[in-house]
Amino acid sequence: METRAGVVVLRGHRELYERTRHLFARARDITCAANDVRTWASHNQPASPLGMRKLYRPGVLLDPTGAQHARFAAATGAQIRITNLELTEAVVVDRRVAILAGDGSFTVVWIPAVVTGMSAIFDAAWQESTDLADYERDHGEVCSMAPRMLELLGSGAADGVAARSMGLSLRTYRRRVTELMTTLGATSRFQAGARARELGLL
């Protein structure tokens, strides 16, 4: 642990949980932004008594564990939305404390100006996001096809061969690949493969 005025750096999920669980136990308002459910594994409660908002990148729905968590959290009272925007992975508790995720560490900040800034960034992204149920209604098909598509892309199969193996026209297959890339937040097939590996999908 490293401490400065208004800032504490915690190492790993265990220390994060031990040092911040009291904040979550008393919280009335929690906002959370993450690329996947693993980022905040220490604090993956379904919902707080009064309010929890969770904002995820679309890739969370390609991971069965992530999708299950998001749906369960929504069913138990949390507001869940999906955004295509790049996210600063952070949690804000009662608009008093912000926790930012780093590479194996977490920075806890209670400097008012920083917390206010993080809250404003989250609120702006929230306004541009899509409710989980609406997103799954519009993109559920590509999410269900993702495992097979990733397998075919990873094997280097030609688009025509891949399309036939999935019973799709070439045009539809290519459209689905583009949708999958968007869901993964990728701008190329190579990047999509890298992101899928990060999520443990390959």
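Considering only heavy atoms from C-beta on, V92 stays 4.5 Å or farther from I30 through its side chain. In this structure, the side chains of M181 and R189 come closer than 4.5 Å at one or more pairs of heavy atoms. Side-chain contact check for V91 versus L100: every heavy-atom pair is 4.5 Å or farther apart. Side-chain contact between L184 and L180: present, with at least one pair of heavy atoms (C-beta onward) separated by less than 4.5 Å. Residues V108 and V97 form a side-chain contact, since some pair of their non-hydrogen atoms from C-beta on lies under 4.5 Å apart. With a 4.5 Å cut-off on side-chain heavy atoms, Y135 and D131 do not count as touching. The shortest side-chain heavy-atom distance between L132 and L61 falls under the 4.5 Å cut-off. Contact annotation: the side chain of R81 approaches that of W126 to within less than 4.5 Å [non-hydrogen atoms, C-beta and beyond].
A donor-acceptor pair is defined here as one N or O able to donate and one able to accept, closer than 3.5 Å; no such pair exists between the side chain of T172 and the backbone of L168. A distance-only check finds no donor-acceptor pair linking the side chain of T116 to the backbone of A113 [under 3.5 Å]. A donor-acceptor pair under 3.5 Å is absent between the side-chain atoms of R176 and the main chain of V142, judged by distance alone. Between the side chain of Q191 and the main chain of T187, a donor-acceptor pair closer than 3.5 Å is present.
How far OG1 of T65 is from CZ of R38: 6.5 Å, rounded to the nearest 0.5 Å. Once rounded to the nearest 0.5 Å, the distance linking CD of E141 with CE of M145 reads 4.0 Å. Once rounded to the nearest 0.5 Å, the distance linking CD of Q79 with OG of S129 reads 9.5 Å. Rounding to the nearest 0.5 angstrom, the gap separating the CZ atom in R148 from the CG atom in L150 is 11.0 Å.
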Evaluate the side-chain contact (heavy atoms from CB on, under 4.5 Å) criterion for residues L10 and T20: first the C-alpha distance (whole Å), next the side-chain angles of each, then the deciding distance (0.1 Å), finally the verdict.
CA-CA 10 Å; L10 306 177; T20 64; 4.1 Å; yes
For V37 and Y56, what are the C-alpha separation, side-chain angles and deciding distance, and is it a side-chain contact (heavy atoms from CB on, under 4.5 Å)?
CA-CA 8 Å; V37 299; Y56 288 116; 3.8 Å; yes
Audit row: E179, H139, side-chain contact (heavy atoms from CB on, under 4.5 Å) steps and yes/no:
CA-CA 8 Å; E179 291 172 359; H139 302 279; 5.6 Å; no
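Here the shortest heavy-atom pairing between V7 and W110 reads N-CH2, 3.9 Å. Pairing each heavy atom of G6 with each of I111, the nearest pair is O-CG1, 3.7 Å. Counting all heavy atoms, side chain and backbone alike, M52 lies closest to K54 at SD-CE, 3.2 Å. When all heavy atoms of A162 and A157 are compared, the closest pair comes out as CB-CB, 4.4 Å.
Checked options R174, R175, R171; the residue passing with D159 is R174 (criterion: salt bridge (charged side-chain N to carboxylate O under 4.0 Å, His left out)).
Among residues at least two apart or in separate chains, there is no ring-ring contact (aromatic ring centres under 6.0 Å, His included) pair with a member in residues 167-195. Counting only residues at least two apart or in different chains, side-chain hydrogen bond (donor to acceptor under 3.5 Å, both in side chains) contacts with residues 82-99 comprise T39-E89, R95-D123. Sorted by first then second residue, the side-chain hydrogen bond (donor to acceptor under 3.5 Å, both in side chains) pairs that include residues 98-108, not counting sequence neighbours, number zero.
In the hydrophobic cluster analysis, where Ile, Leu, Val, Met, Phe, Trp and Tyr join through side-chain heavy atoms closer than 4.5 angstrom, I99 is grouped apart from F122. Cluster annotation: I82 is not connected to L55 through the hydrophobic network of ILVMFWY side chains, with a link wherever side-chain heavy atoms come within less than 4.5 Å. One hydrophobic cluster, built from ILVMFWY side chains closer than 4.5 Å, holds both M149 and L62.
Using a 4.0 Å cut-off between a side-chain N of Lys or Arg and a carboxylate O of Asp or Glu, R57 and D36 do not qualify as a salt bridge.
Aromatic ring centres of W40 and F106: separated by under 6.0 Å.
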